[in-house]
Number of protein chains: 2
Amino acid sequence: MDNLDHRIIDHLRRNARANYGDIGDDIGLSASAVKRRVDRLVADRVIRGFTVQVDPEVDGLGTEAYVEVFCRGTVAPGELKRILLNVPEVVEASTVSGSADAMMRLRSRDIAGLETALERVRDLPHVDHTRSSIVLSKLIERNRD
Amino acid sequence: MDNLDHRIIDHLRRNARANYGDIGDDIGLSASAVKRRVDRLVADRVIRGFTVQVDPEVDGLGTEAYVEVFCRGTVAPGELKRILLNVPEVVEASTVSGSADAMMRLRSRDIAGLETALERVRDLPHVDHTRSSIVLSKLIERNRD
DNA sequence: GATGAAACCTAACCTTT
DNA sequence: AAAGGTTAGGTTTCATC
């Protein structure tokens with residue numbers, strides 16, 4: 001992870017479909033040297049994937065909520081992950097410090113979709129209750145994912 | 001924006017560097033038909049850009065927290081946005097339903113960086129207090145951004 | 001959807017440090 | 001060894017039909 005790797009990542013962040021020659025021209029390496037570095041970055045999981053930024057309206061998932069999950073007793077993170085993966089609306093989930101066991105981000109078509117997803121989460125084993133904050137309007141979104 | 005466009009976008013979400021031929025094989029179109037559609041999706045700004053998902057440690061932002069913001073009185077969303085933009089650690093912010101006025105996601109180098117960012121948030125005008133949940137481990141991350 | 005020329009990817013081989 | 005450059009082939013892109 002030297003300076004050249006950082007500059008390659010910067011370039012790919014701006015355009016993940018850039019060709020190796022152009023990246024190389026930018027940073028002063030040959031195309032094949034760039035390819036070798038990109039391959040290594042992918043193999044080392046420094047680069048997790050190449051993706052596309054899409055107009056949110058497109059997939060009809062305009063409704064979002066932050067939901068804290070409170071469990072009964074102690075639940076291992078792996079177990080929690082396994083059970084939360086059953087709810088497709090769960091876009092993100094992390095164990096957190098504080099009184100909640102986990103924080104999730106949910107995405108759905110509309111409020112009704114959110115409601116059914118929340119019912120499913122509350123019916124999962126170990127889950128005691130949840131506490132939701134429905135997103136009213138997005139103020140800031142600085143993409144670094 | 002028909003079903004084929006959706007399937008192209010799904011494919012690109014999984015791998016933004018996929019070639020047109022492979023996408024075509026997946027959905028039953030020729031490479032050139034796929035290219036025309038992708039070009040159109042980009043021109044129409046349905047596809048906003050192609051980017052890369054990188055290990056957060058790489059840019060030294062391995063520590064993450066969800067933070068609820070509670071304000072004194074009522075604050076307009078635009079005003080809240082303006083003041084939160086002053087804190088670079090705020091990666092995401094939304095107004096939310098419930099007792100908090102906003103939910104933020106913060107990213108920083110380490111816990112100390114999080115602490116100073118939180119101090120800055122609490123010192124902003126209108127902000128009364130905050131409630132933080134520091135991420136211990138990420139369980140799920142289904143990318144839809 | 002097909003065609004073909006230009007551009008690109010990629011792996012093997014060579015050079016340099 | 002480790003990292004970059006060069007070459008050459010097969011593949012992909014992309015404008016045109």
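The chains referred to below are lettered A, B, ... by the order of the sequence lines, with proteins before strands, and numbering in each begins at 1.
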Q) Which residue pairs pass the ring pair (Phe, Tyr, Trp, His ring centres under 6.0 Å) test with at least one member in residues 16-44 of chain B, sequence neighbours excluded? A) none
Q: Applying side chain to side chain contact (heavy atoms under 4.5 Å, CB included), name anything that partners V58(B), two or more places apart in sequence or on another chain.
A: M1(A), H6(A), I9(A), V46(A), V54(B), D55(B)
Contacts under 3.5 angstrom, residues 61-73 of chain B side chains, donor-acceptor by atom type, not counting sequence neighbours:
unit_1 : atom_1 : unit_2  : atom_2 : d
T63(B) : OG1    : R109(B) : O      : 3.4
E64(B) : OE1    : R107(B) : NH1    : 3.4
E64(B) : OE1    : K138(B) : NZ     : 3.0
E64(B) : OE2    : R105(B) : NE     : 2.8
E64(B) : OE2    : K138(B) : NZ     : 3.2
Y66(B) : OH     : E92(A)  : OE2    : 2.5
E68(B) : OE1    : R131(A) : NH1    : 3.3
E68(B) : OE1    : R131(B) : NH1    : 2.3
E68(B) : OE2    : R131(A) : NH1    : 3.2
E68(B) : OE2    : R131(A) : NH2    : 3.0
R72(B) : NH1    : V127(B) : O      : 3.3
R72(B) : NH2    : V127(B) : O      : 3.3

Q | Strand-adjacent residues in residues 20-30 of chain B, judged by heavy atoms under 4.0 Å from DNA chain C | A | L29(B), S30(B)
Q) What pairs of residues pass the side-chain hydrogen bond (donor to acceptor under 3.5 Å, both in side chains) test when at least one of them lies in residues 112-123 of chain B, not counting sequence neighbours? A) R122(B)-T130(B)
Q: Could you name each residue pair satisfying ring pair (Phe, Tyr, Trp, His ring centres under 6.0 Å) that touches residues 92-123 of chain A, not counting sequence neighbours?
A: none
Q) In chain order, what residues pass the side-chain hydrogen bond (donor to acceptor under 3.5 Å, both in side chains) check against S97(B), with sequence neighbours excluded? A) none
Q.
So if I take residues 34-41 of chain A and measure heavy-atom distances to DNA chain D, which residues fall below 4.0 Å?
A. R36(A), R37(A)
(Q) Show me the pairs that pass salt bridge (charged side-chain N to carboxylate O under 4.0 Å, His left out) and involve residues 17-28 of chain B, at least two apart or across chains. (A) none
Q. Does K81(A) have any side-chain hydrogen bond (donor to acceptor under 3.5 Å, both in side chains) partners at least two apart in sequence or in another chain, and if so, which?
A. none
Q) Do side-chain atoms of S132(A) reach the backbone of I134(A) as a donor and acceptor pair under 3.5 angstrom? A) no
Contact list (N/O, under 3.5 angstrom) for nucleotides 4-7 of chain C vs protein:
none

(Q) Nearest whole Å is fine: how far is dT12(D) P from R17(B) CZ? (A) 14 Å
Q: Could I get the full list of side-chain hydrogen bond (donor to acceptor under 3.5 Å, both in side chains) partners for R82(B), not counting sequence neighbours?
A: E79(B)
Q. Nearest nucleotide by nearest heavy atom, which residue falls closer to the 5' end of DNA chain C, A18(A) or S32(B)?
A. S32(B)
